[in-house]
Protein chains: 2
Amino acid sequence: MNTNPYRDSSGRTLADYPRPSVAVDTAVLTLDEQVGLVVLEVRRTNGAGWGLPGTFLHEGETLADAVRRSLDVKAGVSGLNPRQLHVFDAPDRDDRGWVLSVGHVDVVRPERIQSRAPSTTRLMPVERPGRLPYDHADIIERAVDYLRARYSDRPDPDGLLGDEFTILQLRLAHERITGRAMQRDWFRRTMDPQLEPTGLMATGTRGRPAELFRRRGTAGAGTRG
Amino acid sequence: MNTNPYRDSSGRTLADYPRPSVAVDTAVLTLDEQVGLVVLEVRRTNGAGWGLPGTFLHEGETLADAVRRSLDVKAGVSGLNPRQLHVFDAPDRDDRGWVLSVGHVDVVRPERIQSRAPSTTRLMPVERPGRLPYDHADIIERAVDYLRARYSDRPDPDGLLGDEFTILQLRLAHERITGRAMQRDWFRRTMDPQLEPTGLMATGTRGRPAELFRRRGTAGAGTRG
DNA sequence: GTAATAGTGTCTATCAGACATTATAAC
DNA sequence: GTTATAATGTCTGATAGACACTATTAC
């Protein structure tokens, strides 16, 4: 480190300045059949209450790597693709010292996080996430905004439904994510050109069986998260 | 600092971890009558070439304060309202050591930065900003995307034109910012309800004089940046 | 007068919203 | 058969795009 003898206009090197600790905190979102959009919380290391999974950035590590490490260690979830939301930088936001936190969001299929370490993790509805420390409530809000924007006009871009689904299943998922009813006709007309038929039919339903579709073009995208 | 005896699961305190230096870099955008959308660049402190204005974050300072300080010192521009874009975190991105950079964007009226320290600052078109170090080209790209989204359906939200303008002046500004022609009819119909007439007329033009408008509701918003 | 630009009116194609109709299953 | 849901067709109102027409200035 700092082998390059850089000095600023005051003649000081990088090492002469105090540096903040940098943390990452992540809102991992998924869709619960009953509850709707839920966020993963972990028991805090000091034992008091719950919070979003997070960790301090290690040397030589990217933010995304730190996010993946924290989720692997704290919730047993691996292979994520986190996205930055915002840097929380109030100098007094953490009483342990000067800590910046980079809020992230990630979206995963429900089976990836259900029944993982149930005593130290829980899934809470995004509208009532409970009492959370730091800026975690703010991170959840930004995460939900991000997800709703993604789901405004594309069919399940984060693959929460898997690869094959009926248009009704797709619409119900979008309604639970965006929190408002979607027009049935408009929804089909908008999504149809972005879907391709599988030829298969859903079974065990009440009326005429619905056709199963998959996302057009993005083969296997649904297994990403 | 670190008066709280916090220890993590390995028994280490915050001070035991190496911490990154944190920098801010800012794309200050404005509109040049001839050139179009331009970005402010400053001569680098090591003398080699040009870059976006930036600085290292000081203790007890927010990111926005660091941005304001860097622009005040390096370009004589004050009173800005920067917005975060992205954290650049590649561990080897800066050969001076471990440095994270938070990219920012801000938009100011051209007279705020023109003829400020012309030997150490310059304005370059955003499409051809020259050779830039670090992630500065990426920051400019994100800054332009941000500005184009802001200008997609609202009349000059950052007040680049001042408080009073004709609809033609407004449309030309939007065209230079978004980089594509805007439909004349649609533009008037979209913007008209968001404008209020001043009763005054533009003078010295070729044909029928155009009415001057101001933004509806947001009195004085144009003098912000 | 002519040329140029501002502002208004109108036609049309597109599309969201609404509703009707037909198809096909469970019961 | 009845009931429920899927899929398709059709009508309507709103609006973007296009163009015509009038108004008012410089020259």
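All chains are named by letter (A, B, ...) in the order of the sequence lines, taking the proteins before the strands, and each is independently numbered beginning at 1.
- Between A/R142 and A/D138 a salt bridge is recorded (basic side-chain N to carboxylate O distance below 4.0 Å).
- Between B/R69 and B/D72, none of the side-chain N atoms (NZ, or NE/NH1/NH2) sits under 4.0 Å from a carboxylate O, so this pair counts as no salt bridge.
- With rounding to whole Å, A/M191 atom CE is found 18 Å from D/dA6 atom C1'.
- In this structure the side chain of B/F165 reaches within 4.5 angstrom of the side chain of B/R215, judged on heavy atoms.
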For each nucleotide in nucleotides 10-19 of chain D, reading 5' to 3', give B when a protein heavy atom comes within less than 4.0 Å of its base, S when such contact involves only the sugar-phosphate, and - otherwise. B-----BBBB

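- Rounded to the nearest 0.5 Å, atoms CG (B/L37) and CZ (B/R176) are 10.0 Å apart.
- When side chains are defined from C-beta on, A/L40 does not count as touching A/T30, because their heavy atoms never get closer than 4.5 Å.
- Distance B/F213 CZ to C/dA6 P: 11 Å, rounded to the nearest Å.
- Nucleotide C/dA16 holds its P atom 15 Å from the CZ atom of A/R188, rounded to whole Å.
- The side-chain heavy atoms of A/L85 and A/D145, taken from C-beta on, include no pair separated by under 4.5 Å.
- Taking the side chain as every heavy atom from C-beta outward, A/M201 and A/T203 never approach each other to under 4.5 Å.
- We find that CD of B/E211 is positioned 13 Å from P of D/dT24, with the value rounded to whole Å.
- In this structure, the helix from C/dG1-D/dC27 to C/dC27-D/dG1 shows an angle of 0° between the axis at its start and the axis at its end, each fitted on 5 base pairs and rounded to 10°.
- Between the CD atom in B/Q194 and the CZ atom in B/R216 there is a gap of 9.5 Å [rounded to 0.5 Å].
- Put simply, CG on B/L212 is 12 Å from P on C/dA6, counting in whole angstrom units.
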Protein N or O to nucleotides 2-5 of chain C N or O, pairs below 3.5 Å:
| unit_1 | atom_1 | unit_2 | atom_2 | d |
| --- | --- | --- | --- | --- |
| C/dT5 | O2 | B/R208 | N | 3.2 |

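- Expressed to the nearest 0.5 Å, how far OG1 of A/T205 lies from CG of A/L168 amounts to 9.5 Å.
- A/L132 places none of its side-chain heavy atoms less than 4.5 Å from the side chain of A/I139.
- Counting to the nearest Å, the C1' atom of C/dA6 and the CD atom of B/Q169 are 13 Å from each other.
- Distance A/F187 CZ to D/dA7 P: 13 Å, rounded to the nearest Å.
- With rounding to whole Å, A/R171 atom CZ is found 11 Å from D/dA6 atom C1'.
- Atoms CD and CZ, on B/E164 and B/F213 in that order, are 11.5 Å from each other to the nearest 0.5 Å.
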